[in-house]
S.K.: 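Take a look at the following structure, please.
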Amino acid sequence: MYRYRGEDGVSGEEGAFLTCSFWLVDALARCGRLDEAYALMDELVGLANDVGLYSEEIDPHTGDFLGNFPQALTHLALVTAAVSILDVESGERDP
């Protein structure tokens, strides 16, 4: 997912913002759309580098990491998404 697509005055193109992508997993899980949450989570987990770290953004065409690396906000969003999936699965949270 992209953070925004509007003109921001900064040259170049923005990559996909990984935090927003994990937030989407979180939202899908909380809405009870677990199949979609699982599918997107699997795709995103597969984008980590060899030691499981993520950058701020990723180039959707090449898979290259862009922006700040490592990005703590991305990792926090990953954990939050995983917890939401588990909570809905276990019945701890109603979708």
S.K.: Which of parallel (below 30°), tilted (30 to 60°) and perpendicular (above 60°) describes F17 and W23?
M.R.: perpendicular
S.K.: From L66 CG over to Q71 CD, what is the distance, rounded to the nearest 0.5 angstrom?
M.R.: 12.5 Å
S.K.: Examine the side chains of S84 and D26 and answer whether a donor and an acceptor come within less than 3.5 Å of each other.
M.R.: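 Distance-only check passes for S84 and D26.
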S.K.: Answer whether the closest heavy-atom distance between the side chains of L44 and L47 falls below 4.5 Å.
M.R.: yes
S.K.: Given the rule in the side chain to side chain contact (heavy atoms under 4.5 Å, CB included) test, do E56 and T19 qualify, once you have shown the distances and angles that lead to the verdict?
M.R.: CA-CA 7 Å; E56 177 181 16; T19 298; over 6 Å; no
S.K.: Which atoms form the tightest heavy-atom contact between P60 and A16, and what is the distance?
M.R.: CD-N, 4.1 Å
S.K.: Check T62 against D59 and note the closest heavy-atom contact, atom names and distance.
M.R.: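 It is N-OD1, 3.1 Å.
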S.K.: Between L28 and L76, is there a shared hydrophobic cluster once you connect ILVMFWY residues whose side-chain heavy atoms come closer than 4.5 Å?
M.R.: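 No, separate clusters.
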S.K.: Do L78 and V45 come within less than 4.5 Å of each other through their side chains, counting heavy atoms only?
M.R.: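 In short, these two side chains touch, coming nearer than 4.5 Å.
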S.K.: To the nearest 0.5 Å, what is the distance between CG on L40 and CZ on R33?
M.R.: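 Separation between the atoms: 11.0 Å.
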S.K.: Between T74 and S55, is there a donor-acceptor pair closer than 3.5 Å when you use the side chain of the first and the backbone of the second?
M.R.: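 Yes: the side chain of T74 pairs with the backbone of S55.
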S.K.: Considering only heavy atoms from C-beta outward, does the side chain of M41 approach that of I85 to under 4.5 Å?
M.R.: yes
S.K.: What heavy-atom pair brings I58 and L18 nearest, and what distance separates the two atoms?
M.R.: CG2-CD2, 3.8 Å
S.K.: Could you pull out the closest heavy-atom pair between F65 and Y54, with the gap in Å?
M.R.: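 Answer, listing the atom of F65 first, then Y54: CZ-CA, 4.1 Å.
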S.K.: If every non-hydrogen atom of H75 is compared with every non-hydrogen atom of L53, which pair is closest and at what distance?
M.R.: NE2-CA, 3.4 Å
